[in-house]
Each structure stands twice: as C-alpha cells, then as structure tokens.
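Take a look at the structure set out below.
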Amino acid sequence: PKAALLAVASYDGKIRIWQLPDGSLLRTLTGHTWVHSVDFSPDGRLLASGSRDGTIKIWRVEDGRLITTVTAHRNSEGGVESVAFSPNGKLLASCGWDRTVKLWEVNIENLPILPLLKTLTGYGDIVQDVAFRPDGTFLASGSVDGTARIWRVADGTLVTILEGNNDWVGPVAFSPDSRIFASGSGDGIVKLWRTEDWALLTSLPGHNGGVNDIDFSPDGRVLAVASRDIKIWRVSDGTLIRSVEAHTYAVNSIKFSSNGKFLLSGGTDDTVKIWQVSDWKLIKILGGHTGGITSLALTNFQF
C-alpha cells in the first residue's frame, strides 16, 4: 500500500509533505505567504492550500506540481482562512477575510480551471473555518461574528444560524455519522449540536484560551480539542477524559489517524507531534519548520 502523507502548513509560507509512519520529509511546497489551511482531496491526488495572500493553490500530490492559483478571498489585512474538499471531492469550500464562503467546482480533468459556483454571504465579520458534513448535504462555517452557519450544499440556502458563544467561532466539525456538529469559540467553549434539528446538546468548557481546532475520532466517540493544551472529551456525555500538555503555548491544529490509534498535533513551537491514543505517549516529533504550524491534513492511512 502507498505510504500515508501528512501536509503541514506554516506561518513561514511553506507546506511540507511528510511520509508516514517513518516521518521522512518528502517535499516542500513554496509560493504562498503565511499558509492558513491545507486539505487533501478524498482520493489523495490533490492538495488544496489557502493563504493570507488571498489565494488558493491546487497542487498535484504525486510530484508536488502546482496546478492552479486562484484569487479567492482578499482584503487589506488578510486572505483565505480555510479550505475543505467535499466528501466526493467534486467541490472545494473556502472562506476568509472578505466575510464570505465560496464553493468551487473541482474536476481533475478540467484543471487548471477552478470555476466558482456559489458565494455565500451575510456574515458580520471574518469567516474562519468551513467543514462539510460527511454525507455531503450540509456545509458549516464559523465566523468572528460569533455564529456558526449551516448551508445546504445543493442550492446554497442558509439552513440555520447557531448562536450562543460569547466570542468568535472558529473551528467547526461534524461527527463521522453526521449526527453531531461541533463548534469551538474564542471563549474557550465547544458546543455540540444535534444535526437532526440543530438543538444544542451540551457545552464543553474549561479550555485556557480560545479553541483553535477540533477533530472527532473516526468512531465518533471522542472529540479532541486544541487550545493551549489538548483536551479529549467523551461525546456521549460530555465527560473530560484527558488533558495533554502538548506544545509550548498554543496547539493550532489536530488530526486523528484514520484508524483512531494516533493523534497528530501542530503548535506555535514549530513542531508536529504524533501521540499514541491508548496511553498518550509521544512517539514522534516532526521538526524543521521555521514558523508556527497552522494546519494539518492527512491522507487515509494505517500505522
């Protein structure tokens, strides 16, 4: 089987592709300034990146070749905050400082053309994150205006606005079975919502600082939350299972491996760490980055 790949985005404007599980650096992609977000297409053939420079770049994973660059979100202070492929790989969602979410058509046969399909508006401030529901029906976003918004992918209609946080809403994520939606906020609280009717199920408090990233385990039983530390919560009853002092100061990005046995974290200390979930033992550190880590993306793999 092909080795797993890990894409690491950094403040230094570079994207480093690591091969797992051996942890060897495969290649470094350059051309951005301050990369905010990376995501692999579901088939692992493409990598999308979004940058403070306002552009999205699409890269061919096989050889690291840049396929296309599009200007997506830009104002005088910042650009693209997040990019995410749809579950079927046919759409790319992006968001940013221009207070919009955009949906792009991805057809590997038609690249480098990346047609803009829809622009979703109505936000009161910067949009910080986007995430597709695993069944592909909904797109979620989190904004500095304190709301999470849910959009119907098929026609771009706004389904609901989820409020209740006392600060910005950043990371958003759906559980693997599509039944639960999680949103993290600058107030240090993660809220869990039921996607059947968008009712609030519970709030997970106690993070020392804003919530920078969230990720459900592949079985959906636990939620990892990145702030100044990493907290692991049991989804069924909101019980705190574990706190992990992972990085110096902030943890910016976290990702579970596809088998749920490992958690990867990226921090402002310029490192990526790989943790064994069974005992939270640190098994590997990927160094050599020259800026804080902003985003991690994984192709499907088993250690």
Side-chain angles (χ1 to χ4, degrees), residues 36-37 39 42 48 50 72-73 80-106 116-187 189-204 210-217 220 223-226 233 235 238 295:
H36 283 153
S37 179
D39 195 32
H73 305 269
V80 181
E81 281 288 310
S82 181
V83 291
F85 279 100
S86 63
N88 63 9
K90 294 181 179 180
L91 298 173
L92 182 74
S94 64
C95 64
W97 282 62
D98 63 355
R99 305 184 179 191
T100 71
V101 170
K102 294 183 178 181
L103 286 173
W104 310 82
E105 182 183 15
V106 181
L116 176 62
L117 297 178
K118 295 184 181 72
T119 299
L120 310 177
T121 61
Y123 298 93
D125 213 318
I126 299 162
V127 189
Q128 299 197 99
D129 196 23
V130 283
F132 284 93
R133 194 162 112 158
D135 62 10
T137 56
F138 296 113
L139 177 72
S141 59
S143 173
V144 176
D145 68 12
T147 67
R149 294 173 192 244
I150 310 297
W151 304 85
R152 186 174 291 108
V153 173
D155 56 10
T157 58
L158 180 63
V159 176
T160 189
I161 300 175
L162 304 176
E163 300 177 295
N165 288 103
N166 297 317
D167 208 330
W168 50 258
V169 176
V172 290
F174 287 95
S175 62
D177 64 5
S178 295
R179 294 180 180 179
I180 296 175
F181 170 67
S183 59
S185 173
D187 59 15
I189 295 174
V190 175
K191 292 184 180 294
L192 299 182
W193 312 80
R194 185 172 58 204
T195 62
E196 179 185 359
D197 55 5
W198 305 106
L200 180 62
L201 294 174
T202 189
S203 295
L204 310 177
V211 176
N212 297 323
D213 200 11
I214 50 181
D215 195 35
F216 283 93
S217 61
L223 180 73
V225 180
W233 300 86
V235 173
S295 180

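Remember, it's a predicted structure, so these values are computed and weren't measured experimentally.
Shortest non-hydrogen contact noted between V235 and F216 is CG2-CE2, 3.9 Å. For the pair V190 and A182, the tightest heavy-atom approach, listed with the atom from each and the gap, is CG1-CB, 4.3 Å. What you find for V83 and D39 is that their closest heavy atoms are O-CB, 3.8 Å. Considering all non-hydrogen atoms of both residues, D98 and A72 come closest at OD2-O, 3.8 Å. Taking all atoms of both residues into account, the shortest heavy-atom contact from P42 to S86 is CG-O, 3.4 Å. When every heavy atom of L103 is checked against every heavy atom of A93, the shortest pair comes out as CD2-CB, 3.8 Å.
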Inset, instruction - Evaluate the salt bridge (Lys or Arg N to Asp or Glu O under 4.0 Å) criterion for residues D187 and K191: first the C-alpha distance (whole Å), next the side-chain angles of each, then the deciding distance (0.1 Å), finally the verdict. - result: CA-CA 11 Å; D187 59 15; K191 292 184 180 294; over 6 Å; no
Inset, instruction - Determine, stepwise, if the pair T119 / K102 fulfils side chain to side chain donor-acceptor pair (under 3.5 Å). - result: CA-CA 4 Å; T119 299; K102 294 183 178 181; 4.9 Å; no
Inset, instruction - Step by step, work out the side chain to side chain donor-acceptor pair (under 3.5 Å) result for D129 and S82. - result: CA-CA 5 Å; D129 196 23; S82 181; 2.8 Å; yes
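No side-chain N or O of D167 forms a donor-acceptor pair with one of S185 less than 3.5 Å apart. Inspection of the R149 and S141 side chains reveals no N or O donor paired with an N or O acceptor under 3.5 Å.
Contact annotation: the side chain of L91 approaches that of F132 to within less than 4.5 Å [non-hydrogen atoms, C-beta and beyond]. In this structure, the side chains of W193 and I150 stay at 4.5 Å or more apart for every pair of heavy atoms. When side chains are defined from C-beta on, V127 does not count as touching E81, because their heavy atoms never get closer than 4.5 Å. Counting heavy atoms from C-beta on, the side chains of L223 and L192 come closer than 4.5 Å. Within the 4.5 Å cutoff, the side chain of V169 has no heavy atoms near those of the S143 side chain. Under the 4.5 Å side-chain criterion, counting only non-hydrogen atoms from C-beta, P171 is in contact with V211. For the pair D135 and F174, the minimum side-chain heavy-atom distance is 4.5 Å or more.
In this structure, the separation between CD1 on I126 and SG on C95 is 10.5 Å, given to the nearest 0.5 Å. Here CD of Q128 is found 8.5 Å from CH2 of W97. Values are rounded to the nearest 0.5 Å. We find the CZ-CZ distance between R179 and R194 to be 11.5 Å, quoted to the nearest 0.5 Å. Interatomic distance, CD1 of I180 versus CZ of R133, reported as 11.5 Å (0.5 Å rounding). The distance from the CH2 atom of W151 to the CD1 atom of I161 is 7.5 Å, given to the nearest 0.5 Å.
Side chain of D145 to backbone of G124: a donor-acceptor contact under 3.5 angstrom is found.
Heavy-atom contacts from other residues, nucleotides or ligands closer than 6.0 Å to NZ of K90 number 12 or fewer.
Checked against ring pair (Phe, Tyr, Trp, His ring centres under 6.0 Å), F138 has the following partners two or more places apart in sequence or in another chain: W198.
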